[in-house]
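Have a look at the structure below, then the notes.
Order of the sequence lines sets the chain letters (A, B, ...), proteins ahead of strands, with each chain counted from 1. From a predicted model like this one, the values you see are computed outputs, not experimental measurements.
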There are 6 protein chains.
Amino acid sequence: MSTLLDGVATGSIAYVLNTLGYSSCFMTGVRPVTSVYRFAGRARTLRTLPPRADIVEQNRQDRSKDPHRVVLDHVSEGEVVVIDARGVLDAAVCGDLLAARVKFSGGQGIVTDGCVRDLPGLMKLDFPIYARGVHASVFGNRHVGIGVNEPIACGGVVVLPGDVVVGDEEGVVVVPAQLEETVAALCQEQDELDTFVMEKLEQGRPLQGTYPPDTQTRNEFERWRSSRR
Amino acid sequence: MSTLLDGVATGSIAYVLNTLGYSSCFMTGVRPVTSVYRFAGRARTLRTLPPRADIVEQNRQDRSKDPHRVVLDHVSEGEVVVIDARGVLDAAVCGDLLAARVKFSGGQGIVTDGCVRDLPGLMKLDFPIYARGVHASVFGNRHVGIGVNEPIACGGVVVLPGDVVVGDEEGVVVVPAQLEETVAALCQEQDELDTFVMEKLEQGRPLQGTYPPDTQTRNEFERWRSSRR
Amino acid sequence: MSTLLDGVATGSIAYVLNTLGYSSCFMTGVRPVTSVYRFAGRARTLRTLPPRADIVEQNRQDRSKDPHRVVLDHVSEGEVVVIDARGVLDAAVCGDLLAARVKFSGGQGIVTDGCVRDLPGLMKLDFPIYARGVHASVFGNRHVGIGVNEPIACGGVVVLPGDVVVGDEEGVVVVPAQLEETVAALCQEQDELDTFVMEKLEQGRPLQGTYPPDTQTRNEFERWRSSRR
Amino acid sequence: MSTLLDGVATGSIAYVLNTLGYSSCFMTGVRPVTSVYRFAGRARTLRTLPPRADIVEQNRQDRSKDPHRVVLDHVSEGEVVVIDARGVLDAAVCGDLLAARVKFSGGQGIVTDGCVRDLPGLMKLDFPIYARGVHASVFGNRHVGIGVNEPIACGGVVVLPGDVVVGDEEGVVVVPAQLEETVAALCQEQDELDTFVMEKLEQGRPLQGTYPPDTQTRNEFERWRSSRR
Amino acid sequence: MSTLLDGVATGSIAYVLNTLGYSSCFMTGVRPVTSVYRFAGRARTLRTLPPRADIVEQNRQDRSKDPHRVVLDHVSEGEVVVIDARGVLDAAVCGDLLAARVKFSGGQGIVTDGCVRDLPGLMKLDFPIYARGVHASVFGNRHVGIGVNEPIACGGVVVLPGDVVVGDEEGVVVVPAQLEETVAALCQEQDELDTFVMEKLEQGRPLQGTYPPDTQTRNEFERWRSSRR
Amino acid sequence: MSTLLDGVATGSIAYVLNTLGYSSCFMTGVRPVTSVYRFAGRARTLRTLPPRADIVEQNRQDRSKDPHRVVLDHVSEGEVVVIDARGVLDAAVCGDLLAARVKFSGGQGIVTDGCVRDLPGLMKLDFPIYARGVHASVFGNRHVGIGVNEPIACGGVVVLPGDVVVGDEEGVVVVPAQLEETVAALCQEQDELDTFVMEKLEQGRPLQGTYPPDTQTRNEFERWRSSRR
């Protein structure tokens with residue numbers, strides 16, 4: 001259930017996706033909340049709306065169908081729960097108990113452009129959680145779950161169910177499912193080039209000619225690359 | 001296809017809905033763009049997301065299934081098109097040609113928490129259009145249509161397909177379909193009370209005792225009301 | 001009960017106050033809501049906070065002491081009600097009935113950095129009302145009144161009870177009570193200078209030397225001014 | 001000194017520029033302040049920064065070199081003054097006297113993403129002025145002029161000196177100087193197509209096939225177009 | 001002078017207060033600035049306004065009555081200073097010296113929805129300080145103190161003097177004084193339930209039936225709880 | 001190439017500059033991104049604008065003149081690169097490779113009111129980098145470089161080329177070049193006073209009389225100061 005993008009830097013992925021025409025792939029303002037950073041998995045999404053009495057009542061009457069509960073209670077191994085919280089900064093999408101359920105079901109992480117709660121409990125969970133902030137107000141104060149595994153936006157990035165979602169210290173990047181292999185291959189090449197360029201910069205080389213590489217540097221890189229294999 | 005709420009002030013409707021537990025029913029920041037204000041109809045909704053290359057391409061390949069086109073091209077008599085534009089202020093959801101199609105299909109109005117374009121053309125259309133602003137940038141620069149007649153939020157208000165949407169100079173209010181009759185009845189009573197109270201205030205009465213009415217004022221109102229029938 | 005600043009342009013007043021060291025005297029984002037623009041009067045203030053159950057309950061139990069009611073129900077001739085609404089854009093501070101009470105008590109206007117409601121009714125009232133916007137949601141959804149005639153801020157400007165508040169098409173300016181006479185005198189002089197300068201500019205004079213006036217222009221102005229008396 | 005784009009709708013220009021790869025050409029939030037809408041001319045730009053004591057002092061010592069004065073005092077026939085005010089909403093870039101100087105020098109309009117002051121005076125001027133708002137606070141409270149005829153951004157749009165700037169009810173669009181002819185030609189064609197499409201929509205045609213036009217509609221349009229010549 | 005809520009998680013308190021009808025009790029955007037997190041105490045409040053020349057002058061003439069000084073210089077054992085800074089992010093409410101005075105007077109912490117300054121000095125103080133950010137600009141650049149121990153709002157939460165204010169890694173929660181005992185008792189029960197639920201989730205139990213607990217889980221919990229006493 | 005302000009706290013510098021009439025000298029929202037905090041150097045500036053096709057093309061055709069490249073590739077010993085990114089939060093101004101070039105050229109730091117990318121790489125660089133946030137989107141998605149060593153604003157502060165820029169845990173302060181010596185001298189005196197005052201506060205002295213010091217405290221301070229020499 002792992003992905004080819006496990007362990008690849010989000011910066012590299014975003015760079016490569018940009019060259020493929022996907023310029024909005026990195027979530028804005030979504031940062032690691034706990035001190036566990038790295039994760040990768042398949043998107044499992046929740047769409048939310050502001051609360052409205054009739055919808056709230058309907059969800060309450062049968063919690064087994066409440067999308068907020070469904071998305072968190074039925075995670076499969078390798079999934080990342082991504083919650084479109086419409087950028088709301090004064091209510092949480094989940095706390096330590098709901099997050100624990102995701103972890104113990106084999107989930108890889110939780111990502112939202114809203115907030116999470118129970119920070120001390122989340123720290124103990126030892127699980128990757130990314131959000132725009134922390135707020136102790138409960139989900140129902142500002143949200144109602146409206147749909148599971150629909151296309152959503154989170155932090156300005158479109159997320160389709162099944163997309164590959166990757167996080168590190170920098171934040172969260174979303175890779176369309178069909179591009180996983182292409183992106184993985186291009187990232188490997190890009191990372192090698194970057195390593196080579198960094199060596200040259202450390203030796204005092206200017207950017208001009210080195211990065212982006214001109215023909216001469218490109219040739220040098222190919223030799224360097226061959227010599228390392 | 002008309003509604004019982006045709007011609008009722010949005011302020012009255014919002015007041016009555018608030019007493020029924022629906023406090024978030026009036027759209028924030030959504031204002032009349034043209035000088036045609038009053039409308040009422042059933043919600044036909046469009047949900048949008050930021051553009052993403054694969055979704056854009058798919059919509060382009062078969063425009064007959066592009067949700068942005070579907071929602072505007074297949075309006076039924078009495079419907080109001082409501083577009084959740086995620087509050088985007090630097091691109092339009094439609095211009096005068098698309099709006100004209102809605103009008104000539106029997107639509108009652110267009111409402112969005114984004115922008116519209118072709119203002120001079122919209123003014124000539126003589127059709128109710130409500131938005132957060134005006135911007136000439138086209139839909140595709142910031143939006144992709146993702147679903148027709150799904151639940152959405154617009155201006156902070158949840159809109160379900162089929163809800164009654166009413167607009168006047170003040171803005172736009174959304175009435176859950178099942179509450180139409182109740183709200184219409186309560187609004188009529190409230191409007192009579194308000195007319196009575198306004199008369200009393202003009203005569204120099206204080207708010208205290210008059211509004212909200214104490215028992216004595218309530219009795220006076222009942223007599224005044226009977227006398228007018 | 002009238003003030004020396006009745007009819008003086010807010011732009012002139014703000015300019016003069018700035019020269020006296022009062023640079024933040026003109027409210028940001030507070031605009032005329034109805035088509036009645038000009039007013040001047042003494043500030044009567046309301047301070048608000050977000051609603052909290054115990055305070056709401058206390059105000060409900062004795063409405064005669066609820067600051068929101070007190071400020072609107074006991075206006076004296078020549079007063080302007082200024083409501084610090086903390087910039088809230090999704091709830092109103094009053095509607096047409098409460099505004100009517102202010103008008104029929106001899107009030108000169110209502111000013112808030114929040115919203116007002118019942119726009120069609122307010123238009124009929126023929127009374128100066130300035131706000132940041134229009135929203136049908138009622139006061140109690142976002143506000144509780146906390147104090148009458150306390151110092152407040154409205155639109156970024158400090159307002160003390162008794163300050164002179166003046167409005168025109170441009171917006172609202174606040175003059176500390178002790179500066180009324182000084183400001184009135186300086187405005188008169190400034191307006192004469194501006195009239196003179198405008199004449200010169202119409203004749204093709206450059207700004208350089210004319211505005212601000214150098215010694216020669218200043219002398220010309222003094223002759224022009226004497227000749228008009 | 002007039003431009004080929006005089007009288008062309010900003011919506012048409014923005015649409016055409018978008019097809020040429022210029023998607024950010026229409027200013028966000030910049031609206032007509034007075035009731036004079038239409039203008040077109042060549043950009044004359046001012047760049048501003050927040051005030052800093054040493055720069056303020058230097059400008060004060062020789063006003064003839066103060067960029068804020070230079071840009072407004074030396075306008076040539078046919079120019080539009082465009083002021084990058086960094087979106088500041090609580091101070092003006094000019095009032096009626098400075099605007100008068102621009103008008104009487106043969107300027108075509110003033111555009112800023114900040115505010116203007118002296119609204120009553122500006123209304124009397126009968127001159128196109130576009131801004132994000134109105135505020136009586138003077139320029140020096142928030143701005144210092146730093147450079148005339150440098151490249152700037154205004155309302156999110158890059159403006160180079162000499163670009164063609166066009167305004168109507170909708171707002172302001174900026175056309176790179178080298179594209180003036182191309183855009184004018186494409187707009188004429190687009191406007192004819194739009195007129196044709198509007199006729200078809202009025203007759204009940206659907207968007208599908210009509211707009212954008214399929215081959216059949218395109219042929220119909222060509223015949224219609226020929227017949228009108 | 002300690003409170004029953006010393007050491008209770010803010011998340012638990014906010015959850016319990018929400019069930020009692022106090023949904024807005026947790027401050028938005030107010031985060032620990034130093035690495036000392038936990039505190040609890042009674043609110044001592046300061047209300048601020050933007051600076052205005054006459055008020056600034058009055059406070060300067062008698063600093064012993066300047067509310068900004070009074071609130072920080074006369075703290076009693078067990079108090080938390082809470083400063084309503086109107087969300088201002090470009091000026092501080094205090095630096096290390098003023099904070100030191102609060103600490104050495106027996107204060108329990110400082111909380112503001114504005115900024116603080118002298119971060120290196122604050123870090124050395126070893127004292128709980130919560131704010132929206134850090135900024136070196138001094139108080140007087142954006143604030144004037146207007147009243148001590150008045151009701152205020154801080155981070156969107158109403159704070160009355162004497163309320164219990166509690167902070168931890170998550171942020172700051174405010175408990176109305178009269179609810180202290182009730183909240184403490186309910187939090188203890190809630191925390192036991194949460195501990196029990198976490199154990200069950202670790203064992204692979206689903207949310208459904210476990211959290212919130214159905215009758216069976218509730219019975220299990222009661223047995224578990226009895227067995228631990 | 002070092003400055004007299006090396007190692008002086010930004011809080012002290014900002015305090016002293018404020019007394020000299022420079023109240024806006026500390027950048028708002030610009031925070032250390034890596035865990036290397038302290039730096040001081042001379043400003044080398046980059047001004048940016050939103051991308052526009054013709055300017056982008058011109059920069060691409062000759063990268064040796066692209067201001068974004070020039071500013072980073074030709075840093076002199078002791079310089080700090082300051083990039084005015086117009087507060088953009090969803091694109092970076094540089095990543096680890098470009099930052100490495102600055103470091104290996106003898107630069108002292110990089111400061112921007114936008115974002116940076118490649119956070120894991122930046123952490124390894126061991127170099128002071130200050131920004132408003134972290135975002136993996138590349139420079140060209142939101143920016144084009146327009147001028148090197150022009151006056152700019154960054155985080156609300158004017159920066160002229162050659163100004164002294166100093167950073168610590170608190171953030172970044174900008175000292176006009178001509179004030180370097182004055183500020184250094186005043187900061188030393190202020191820091192001694194602060195040390196003295198802190199000692200007194202630890203002994204239980206009130207603010208009143210101690211800070212700011214009255215004549216008696218001032219005399220005490222002078223004796224304390226002499227005794228330490």
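- Chain C forms the most heavy-atom pairs under 4.5 Å with one residue out of Gly155(B), Pro206(B), Gly204(B), Gly11(B), and that residue is Pro206(B).
- Interface summary for chain B: among Gly95(C), Gly140(C), Ala136(C), the most heavy-atom pairs under 4.5 angstrom belong to Ala136(C).
- In terms of heavy-atom pairs under 4.5 angstrom with chain B, the leader among Leu89(C), Leu119(C), Leu97(C) is Leu97(C).
- In this structure, the portions of Val134(C) lying under 4.5 Å from any heavy atom of chain B include both its backbone and its side chain.
- When heavy atoms are compared at a cutoff of 4.5 Å, Leu72(C) approaches chain B by way of both its backbone and its side chain.
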N/O donor-acceptor pairs between chain C and chain B, cut-off 3.5 Å:
residue: Arg69(C); atom: NH1; partner: Tyr211(B); partner atom: O; Å: 2.5
residue: Asp73(C); atom: OD1; partner: Leu207(B); partner atom: N; Å: 2.7
residue: Asp73(C); atom: OD2; partner: Leu207(B); partner atom: N; Å: 3.1
residue: Asp73(C); atom: OD2; partner: Gln208(B); partner atom: N; Å: 2.9
residue: Arg101(C); atom: NH1; partner: Gly204(B); partner atom: O; Å: 3.3
residue: Arg101(C); atom: NH1; partner: Arg205(B); partner atom: O; Å: 3.1
residue: Arg117(C); atom: NH2; partner: Gly11(B); partner atom: O; Å: 2.9
residue: Asp118(C); atom: N; partner: Glu170(B); partner atom: OE1; Å: 2.8
residue: Asp118(C); atom: N; partner: Glu170(B); partner atom: OE2; Å: 3.0
residue: Leu119(C); atom: N; partner: Glu170(B); partner atom: OE1; Å: 2.3
residue: His135(C); atom: NE2; partner: Phe26(B); partner atom: O; Å: 3.2
residue: His135(C); atom: NE2; partner: Thr28(B); partner atom: OG1; Å: 2.9
residue: Asn141(C); atom: ND2; partner: Asn18(B); partner atom: OD1; Å: 3.2

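- Sorted by first and then second residue, the ring pair (Phe, Tyr, Trp, His ring centres under 6.0 Å) pairs involving residues 152-171 of chain C (not counting sequence neighbours) form an empty list.
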